[in-house]
Amino acid sequence: MSLTTLKPEYQAQEKEIQNTIYQHIDRWDDIVFSAGAGAGKTYALVESLKHIVKHHGRRLSEHNQKVICITYTNAATAEIKERLGDSQLIFVSTIHERLWELIKNHQKPLVAIHKGNLAKKIAEMEHDISTNADPKVEPKFRVYRALSQERRAEFEDIISDKLDIYYRLYDSPANKLRDGLTDVGEQFPDILKNVGNFKKIVDTILRLKKYKACIEKIDSDLDGYTEVRYESRFNRDILHRMIISHDTLLEYGQELVSQYDILKKIIIDSFPYILIDEFQDTNTAVVTIMRQLSAYSSKFGHNFLVGYFGDEMQSIYDDGIGHNLPTIHAGLVSVNKFLNRRSHQEVIDTINKIRDDNTDQKSIYSDCTGGSVEFYAYKKDGRAQIDNSEAVLNFANRYVNLWNISQENKLHCLVLTNKLVATLSKFENVHSGFTGTKYYKRFWDRTNTEVLSTDLTKLGTIPRLFFEIMNFQSKISNPRTPLESIIDRTILENASFDELSTCIKKCQELAGESIGGFVESIFNEYDGSQSSIFSQKVDHMFNGSFKSYDNFYKHVFDELFPNIDTEDESVLESVNKHVSDLLSITLEEFGRWYRFIADQQDSEIEFHTYHGVKGLEYENVIVIMENDFGRNRDKFSSFFMHVGNDTVPEEDKGRAEFMNTKNLLYVSCSRAIRNLRVLYLDDITKFDKGIKSIFHEIHCYPDC
DNA sequence: ACCTTGTGAATTTTT
DNA sequence: TTCACAAGGT
């Protein structure tokens, strides 16, 4: 056993650091607490909250004041609430929830800001149309720009007439849209030459119209236009319907705070302490709000404190404040912690080298050795026809015996993309089945949330439907599942024993190779009668929406391929093929997807993205790396060419891309408690020096 | 030879 | 949404 005995010296140091934080809190100093991976950041935050309650709680209660604790995710909110226990004095929430609570009752100024935002957007669009010379914008509006005012009005009229056709054929090939809009083509031949630009023009003038109409409605106090609403379910503003989403909420919040001193006063007086978790991920607008509150409080001698807790090296998203905290909020007192409570010495040594910023961590334990870190370069064997994902699986499997991997001691394998996670977890067809649909091609950025989220409330309509089916399938195929978790209680209560046993028998007879086959077998047993418990169960599962397999099929078809041109035989054929292919995927494969989503994976090896494991820790970690990521063809290769290379100017190492790569490497490698392996899939000979500067030795896989 | 146009492919995560 | 590239036109 290791990592069991605390070093007295470091234990004392840890206590001292905590006391330093308390002293600053007691003196109302705004602070920034920085600590690397595994240092116990959340512990420090929770203890600080407890300190405030213990030493200042009575005063807070007397003045009816509260403490605000802001987290980055709902998951973190839950975690902190759990560690903190019940406290009436502390409001733990995400920034969005808290900010909306603070500003939602000030609708008058909020609507004024909203109106200003609409006006700003209108001005931007008018600028794009008429005078923007940006080579990316100008060509799109060139044809429209050449039209006279009268012709523009005529164009607008004819488009308004044809709106239904326009939207129906929006995603059809260019010629189809042209054919549908022949009237427009005849009167304005130039404008339909480039369909991409045409759509841009039409979308812009339509939006202009809506925004202008919205301003008029606000001015005349029309019903529904006297208040702004915050919509948290999707990240998209619908400004002309008075709906804002996450980013705009922060923007409005910042404007409101900076414009209205009375709001600053209200916040400071009600919430004298604000502690922020994971400050590196916090939006600039939020830090700006904090700075303004802090400045206001010192100007008028109010007691107020902001505490930032985090680690700039773990900033892996571009919209967070990252290392710019001191620039936006100057004058913070720094408290640092260079201890590590998570990993073995070998891992700590490696992550210290990655950081390379004179903040070397030391293990808090005296028995901290016993881990291992090795870097492997993958040497492709020309004869063996295996692809990268097979190589990854083979590599991982080597360690199953070596490290005694089991259900209880899992191996966690980190890769860069969800696509690869799906392939390695062996539900590639489910993933591609969804990403290949019209809906997920059009909204490709929704795929990860709607198809792969372990937060069930975020699943898309069809993924959710398939999840319910698989949930049912998995329960009936496990003989130990209690009846009431298969059949809803309201149905059970009114059932006779005879009816129930018929239902159970029917469930047992359900079969099918594929998910489509399984649903077909469900509808073979379904008769729609109220007396059949089985049919009631089916209605309950599908919300009564489907009475036959055809209903079900049509629903899947319509949701995944909305608004397709059903008149076109070839389109119809290819869409039908795609839907049946999706429904032909085996229950086994869908089962793996289901257990991934439900967080019930039974495999000894689990796959995750680098980004997805932030904040987590695992005994055994394999990090899979390659040159490219996203649009960047040489993200990691160029990082290793820079690192440990004295001829590269320092300013190059300060560039955003370099820092982001470094942070990703840091976050992924610092998840390991004991064993860490890195497997690099591309040729590393051009940057082996950089790799050696962090990992010492380069091993080869399968061999050199 | 150069420009325009249309098509298809590409990341991660949170609220 | 943004970018790269192929196809086709001038």
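Note that these values count all heavy atoms, side chains included, but never hydrogens, waters or copies made by symmetry. Below, read A as the first sequence line, B as the second, and so on, with proteins coming before strands; counting in each chain starts at 1.
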Check your understanding: Contact class for A:K458 (heavy atom, under 4.0 Å): base, sugar-phosphate, or nothing?
Key -> sugar-phosphate
Practice item. May I ask you to say what A:N283 touches in the nucleic acid, namely base, sugar-phosphate or nothing, with a heavy-atom cut-off under 4.0 Å? Key: nothing
Check your understanding: Taking atom types as modelled, is there a side-chain donor on A:N632 or A:E657 under 3.5 Å from an acceptor on the other?
Key -> yes
Point to revise | A:R631 (side chain) and B:dT11 (base): donor-acceptor pair under 3.5 Å | key: no
Exercise for review: Identify whether any heavy atom of A:D445 sits under 4.0 Å from a base atom; if not, whether one sits that close to sugar-phosphate; answer base, sugar-phosphate or nothing.
Suggested key: nothing
Practice item. Under 4.0 Å between any heavy atoms, over every strand shown, what does A:N632 touch: base, sugar-phosphate, or nothing? Just pick one. Key: nothing
**Study point:** Closest nucleotide among B:dT15, B:dT11, B:dT13 to the A:F629 side chain
**Key:** B:dT11
Check your understanding: Reckon A:T94 touches a base, only the sugar-phosphate, or nothing at all at heavy-atom distances under 4.0 Å?
Key -> sugar-phosphate
Review point. A:H611 on top of B:dT12's base, within under 5.5 Å and under 30°?
Key: no
Revision key, fill the gap. The nucleotide from B:dT13, B:dT14, B:dA10 with an atom nearest the side chain of A:T609 is B:dT13
Check your understanding: What are the two closest heavy atoms between A:V623 and A:S668, and how far apart are they?
Key -> CG1-OG, 4.0 Å
Check your understanding: Which is true for A:K441 with a 4.0 Å heavy-atom rule: it touches a base, it touches only sugar-phosphate, or it touches nothing?
Key -> nothing
**Study point:** P-based separation of C:dC5 from B:dT11 [nearest Å]
**Key:** 15 Å
Exercise for review: May I ask you to verify whether the side chain of A:Y72 and the base of B:dT14 hold a donor-acceptor pair under 3.5 Å?
Suggested key: yes
